[in-house]
Amino acid sequence: AQKVTQAQTEISVVEKEDVTLDCVYETRDTTYYLFWYKQPPSGELVFLIRRNSFDEQNEISGRYSWNFQKSTSSFNFTITASQVVDSAVYFCALSEAEAGTALIFGKGTTLSVSS
Amino acid sequence: GAVVSQHPSWVICKSGTSVKIECRSLDFQATTMFWYRQFPKQSLMLMATSNEGSKATYEQGVEKDKFLINHASLTLSTLTVTSAHPEDSSFYICSAAQGPNQPQHFGDGTRLSIL
């Protein structure tokens with residue numbers, strides 16, 4: 001059965017620190033997709049990235065970077081030089097290859113960045 | 001692009017009232033939309049998958065007579081919470097994708113408070 005584990009419930013850092021949010025997933029499918037979403041205090045979900053199971057290339061987008069490792073079933077998310085505006089709940093999610101499959105979310109990691 | 005609009009954003013009503021929540025894809029067509037529920041400080045749990053022109057697929061434990069879903073067009077799905085009670089108070093979020101395993105774009109959510 002598919003499962004997403006975000007072991008870190010809450011993380012607190014000071015501005016300009018780097019922080020890594022962990023995500024470990026379980027699936028029996030060989031074709032699947034991994035996502036990260038951000039949920040600020042206002043509640044809306046903001047899409048950050050999608051990665052398919054055949055693309056293990058790491059990605060960098062500004063201060064954000066993602067490390068996908070199939071060998072350890074992990075898809076970790078790093079924010080460099082964190083800012084107060086990064087404070088939010090971050091969800092890692094998994095969907096399997098069937099058309100229209102919904103997302104299975106991890107429990108989320110609450111990131112608090114203080115100035 | 002890929003904007004999903006959800007309405008209303010906040011509802012407070014008396015126990016026994018039925019409440020309808022709308023989810024619209026504004027600039028794309030979505031054959032499939034998803035409805036999630038989120039309790040405070042918890043993750044999103046999939047309630048049902050809404051397919052245009054056919055019956056919704058409900059997750060185990062979700063009462064289909066309680067949570068009525070209608071997906072009448074490629075841009076609109078509605079969730080009606082019938083005879084709502086305080087335990088139905090939650091944050092309800094819809095999402096839509098432009099195609100199979102494309103990133104899901106989320107509405108801003110609806111905070112439902114039943115007194």
Side-chain angles (χ1 to χ4, degrees), chain A residues 1-10 21 23 25 27 29-55 59 61 66 75 88-112, chain B residues 1-10 23 29-54 56-60 62 69 71 74 77 90-112:
Chain A
Q2 66 269 42
K3 184 180 176 183
V4 176
T5 301
Q6 292 178 256
Q8 305 148 306
T9 306
E10 296 184 16
L21 310 181
C23 174
Y25 62 92
T27 177
D29 274 20
T30 55
T31 303
Y32 52 88
Y33 298 82
L34 296 164
F35 302 79
W36 276 95
Y37 284 87
K38 173 182 180 180
Q39 186 177 40
S42 50
E44 75 274 18
L45 278 162
V46 179
F47 166 76
L48 296 178
I49 190 171
R50 180 185 77 141
R51 174 66 75 229
N52 75 56
S53 51
F54 298 107
D55 181 3
E59 181 156 339
S61 176
W66 291 269
F75 186 44
V89 181
Y90 290 87
F91 290 99
C92 180
L94 165 75
S95 79
E96 292 171 337
E98 297 170 23
T101 305
L103 296 172
I104 305 300
F105 284 87
K107 292 188 176 181
T109 297
T110 300
L111 174 65
S112 299
Chain B
V3 177
V4 175
S5 172
Q6 192 171 336
H7 177 81
S9 56
W10 198 358
C23 180
Q29 294 184 333
T31 54
T32 304
M33 292 184 175
F34 303 92
W35 287 96
Y36 296 84
R37 182 174 182 175
Q38 185 181 29
F39 289 108
K41 297 187 184 297
Q42 294 192 24
S43 188
L44 285 80
M45 298 299 295
L46 177 67
M47 297 176 66
T49 302
S50 170
N51 300 295
E52 188 267 337
S54 64
T57 303
Y58 290 82
E59 295 300 299
Q60 193 172 9
V62 178
I69 291 173
H71 194 152
L74 288 171
S77 175
S90 189
F91 190 54
Y92 293 87
I93 311 177
C94 72
S95 72
Q98 292 176 274
N101 288 296
Q102 291 298 306
Q104 290 186 27
H105 298 275
F106 287 82
D108 287 347
T110 297
R111 293 191 188 280
L112 177 61

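Basis for what follows: all heavy atoms, side chains included, without hydrogens, waters or symmetry-related copies. Predicted, not measured: the structure shown is a model, and the values here were computed from it. Labels below follow one simple rule: chain letters A, B, ... track the order of the sequence lines, proteins then strands, and each chain is numbered from 1.
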Tell me, for [X] versus chain B, whether the close heavy atoms (under 4.5 Å) come from the side chain, the backbone, both or neither.
| X | answer |
| --- | --- |
| Gln6(A) | neither |
| Phe105(A) | both |
| Thr9(A) | neither |

Any side-chain heavy atom of Val89(A) sitting closer than 4.5 Å to one from Gln38(B)?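 With C-beta onward as the side chain, the pair stays apart.
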More than 12 heavy atoms of other groups within 6.0 Å of Lys107(A) NZ: no
Nearest 0.5 Å please: distance from the [atom1] atom of [X] over to the [atom2] atom of [Y].
| X | Y | atom1 | atom2 | answer |
| --- | --- | --- | --- | --- |
| Lys41(B) | Thr110(A) | NZ | OG1 | 6.5 Å |
| Gln6(B) | Glu44(A) | CD | CD | 11.5 Å |
| Tyr36(B) | Leu103(A) | OH | CG | 4.0 Å |

For Leu44(B), is it the side chain, the backbone, both, or neither that has a heavy atom closer than 4.5 Å to a heavy atom of chain A?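 Both backbone and side chain.
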Test of understanding: with salt bridge (Lys or Arg N to Asp or Glu O under 4.0 Å), list the residues that count as partners of Asp55(A), not counting sequence neighbours. Arg51(A)
Donor-acceptor contact below 3.5 Å, side chain Ser43(B) vs main chain Gly108(A):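 Not at all, since once roles are kept as given, no pair shorter than 3.5 Å links the two residues.
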Phe91(A) versus Gln42(B), closest heavy-atom pair with distance: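 For Phe91(A) versus Gln42(B), the nearest heavy atoms are CZ-O, 4.1 Å.
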